[in-house]
Amino acid sequence: MRLFLAAVMLAALVPAVSARAAEPHVLVATLNGVINPITDSYISKAVDRAVAGHANALIIQMDTPGGLDTSMRDIIKKILGAPLPVVVFVSPSGARAASAGLYITESADIAAMAPGTNIGSAHPVSLSGSNPAASPAASPSAPGGTSTAPDIESQKIENDAAAYIRALATLHHRNADWAEKAVRQSINAPVDEAVKLGVVDFESRDLDTLLQDLDGREVAKGGHTYSLQTARAGIERYDMSGFDQFLQAVADPNLVYLLFLLAIIGIGFWVTHPGLFLPGVIGVIAGVLAALSLFDLPINIAGVLLILIAVVLFVIDLKAVTHGVLTTGGIVAMTLGGLLLINTSFLAEGVNIPLLVITVLVIAGIFLFILRKLIEARRRPYEAGEESMIGSVATVREPLNPAGMVFVNGALWQATSASGPLTAGTPVRVVGIDGLRLRVETLHQQPLRTEGPQAAS
């Protein structure tokens, strides 16, 4: 009887499950922030999930300033090879598809943008920081009009990027000429202009409107033609895991810069003061987070080395007598290191300039303050032995009339009062020493003036 009931229930569930699976639905993934290995893995998983779930399409809602070239190309390969239509939707309003975002948008089977969004600014910058667009194929400064090595390398980078974006735009019948200008001249376009120029396919207000605009469109891909049925399609959202969201949040150029400085300062302080463990613990944690973030960001080794050199110069100046010369060099090195830390080849933003200036001024101010105190200490005369007690405060233990005993620096000394008789417990100051006998006076003793017309009066 139980087996019969189970069979009946199973038979009733199978059609419902089949009907639900047959209902059209789309998978929506959200790509916000820097393009890096985290977002690369996330989009790859989203494509696999959409394929396994027989989604009608994969929609990638994107807002990015750019990112790593290698991660960008991996994402594009996954989009082009996906056995289902992939739609890139630059949204919400105020979002952008800058730098690497332009390439990903052009790789989509269908590209759409929300009102108030923009796209472009994909001009590559070489590791040396030179501007390929500013250098013609033949450098006039080179003998015989031939290109210098940096110019040739920059031109190679630009030509490769331009050819890649043209291939992606042409593949999807979009404006390849404008896309190439976005690479070579770093031009940008708002949504209405992008639609008019054929950079993207159309404008949609929001996700619901997008589903209506997609309905009935056909996508030819991989030898197959896919018909989009999205007007009444269900929406399945696929978000990053909590850990990936944390890593993505940490992978911010400004935060990475601060974590990197905190790691250097914390670990350096711990090394010079082994008994204090807290700075070391904080420095190690900041260092691990900075390492994870630097792995997910396009960094310049030159920037990292300059920041390390700056800290070394600060520390050496505290030990050597250079009167601030090395500290000045450290300030310059740290400023340049912060500017060069993030490679903006495929990332539109580096370290925030005001943040960079503030941190450099604060760190430099701290080291200059310490350095000034050290210089003042070095200029003071060296005192040792009994002479070092001059100026010390003592307490009368046996009445001084005028001789007696005082207690100073943990020991009893014979003393003579220069202020007349003093009772026990009176605080005095050591003003001189004669052999093994101290000369003291009361703390409120005014110096006697024996010269000048006022003394005579």
Side-chain angles (χ1 to χ4, degrees), residues 31-35 60-69 71-73 75-76 79 87-139 150-151 153-204 253 298 342-350 353:
L31 199 166
N32 288 334
V34 177
I35 305 298
I60 301 175
Q61 288 188 287
M62 186 173 68
D63 177 13
T64 178
L68 291 173
D69 178 56
S71 299
M72 176 197 76
R73 291 176 182 262
I75 291 174
I76 291 174
I79 291 175
V87 180
V88 169
F89 184 32
V90 183
S91 68
S93 296
R96 58 180 167 170
S99 197
L102 170 65
Y103 289 80
I104 294 174
T105 303
E106 294 303 311
S107 71
D109 301 306
I110 299 176
M113 298 174 65
T117 57
N118 62 283
I119 188 170
S121 300
H123 180 231
V125 181
S126 67
L127 292 179
S128 62
S130 62
N131 186 338
S135 302
S139 173
D151 290 336
E153 186 63 29
S154 298
Q155 200 67 38
K156 285 181 179 179
I157 294 173
E158 182 181 311
N159 291 339
D160 175 70
Y164 192 37
I165 197 65
R166 283 197 70 91
L168 294 174
T170 303
L171 178 64
H172 296 99
H173 310 289
R174 300 194 185 105
N175 193 333
D177 292 334
W178 185 94
E180 182 176 352
K181 285 183 179 179
V183 171
R184 294 190 183 277
Q185 302 175 21
S186 198
I187 61 175
N188 202 292
V191 56
D192 53 346
E193 184 179 342
V195 174
K196 185 185 300 182
L197 293 172
V199 179
V200 296
D201 299 312
F202 55 85
E203 176 182 351
S204 289
I342 303 298
N343 175 21
T344 54
S345 297
F346 284 93
L347 187 61
E349 298 177 347
I353 300 300

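Separating the OG1 atom in T170 from the CG atom in D177 is a distance of 8.5 Å, to the nearest 0.5 Å. Between the CD1 atom in I165 and the CG atom in L102 there is a gap of 4.0 Å [rounded to 0.5 Å]. Between the OG1 atom of T105 and the CZ atom of R96 there is a distance of 13.0 Å, given to the nearest 0.5 Å. Taking CD1 of I110 as the reference point, atom CG of D201 lies at 6.5 Å (rounded to 0.5 Å). Rounded to the nearest 0.5 Å, atoms CG (D109) and NE2 (H172) are 4.5 Å apart.
Of all heavy-atom pairs spanning V191 and G116, the tightest one is CG1-N, 3.9 Å. The two residues A182 and G120 have their closest heavy-atom pair at CB-CA, 4.4 Å. Of all non-hydrogen atoms in S99 and P65, the two that sit nearest each other are CB-O, 3.7 Å. Nearest heavy-atom pair, F89 versus A114, reported as atom, atom and distance to 0.1 Å: CE1-N, 3.6 Å. Residues P115 and S204 approach most closely at CD-O, 3.4 Å, considering heavy atoms. Heavy atoms only, all atoms of each residue included: A169 and A176 are closest at CB-CA, 3.8 Å.
Counting heavy atoms from C-beta outward, I75 and I60 have side chains that stay 4.5 Å or more apart. Put simply, the side chain of M113 does not reach to within 4.5 Å of the side chain of V195, judged on heavy atoms.
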From CA spacing to verdict: side-chain contact (heavy atoms from CB on, under 4.5 Å), V183, Y164: CA-CA 10 Å; V183 171; Y164 192 37; over 6 Å; no
Would Y103 and D69 satisfy side-chain contact (heavy atoms from CB on, under 4.5 Å), going step by step from the backbone distance to the final call? CA-CA 10 Å; Y103 289 80; D69 178 56; over 6 Å; no
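With sequence neighbours excluded, no residue forms a side-chain hydrogen bond (donor to acceptor under 3.5 Å, both in side chains) with E203. In this structure, the side-chain hydrogen bond (donor to acceptor under 3.5 Å, both in side chains) partners of D160, at least two apart in sequence or on a different chain, are R73. Qualifying side-chain hydrogen bond (donor to acceptor under 3.5 Å, both in side chains) partners for N175, counting only residues two or more places apart in sequence or in other chains: none. The salt bridge (charged side-chain N to carboxylate O under 4.0 Å, His left out) check on D63 picks up nothing, with sequence neighbours excluded. In terms of the side-chain hydrogen bond (donor to acceptor under 3.5 Å, both in side chains) criterion, S107 has no residue partners (sequence neighbours excluded).
Side chain of T117 to main chain of G94: no donor-acceptor pair is present (N/O by atom type, distance under 3.5 Å, no hydrogens or angles). With hydrogens and angles disregarded, a donor-acceptor distance shorter than 3.5 Å links the side chain of R174 to the backbone of E106.
Listed by first and then second residue, the salt bridge (Lys or Arg N to Asp or Glu O under 4.0 Å) pairs involving residues 191-200 amount to none (not counting sequence neighbours).
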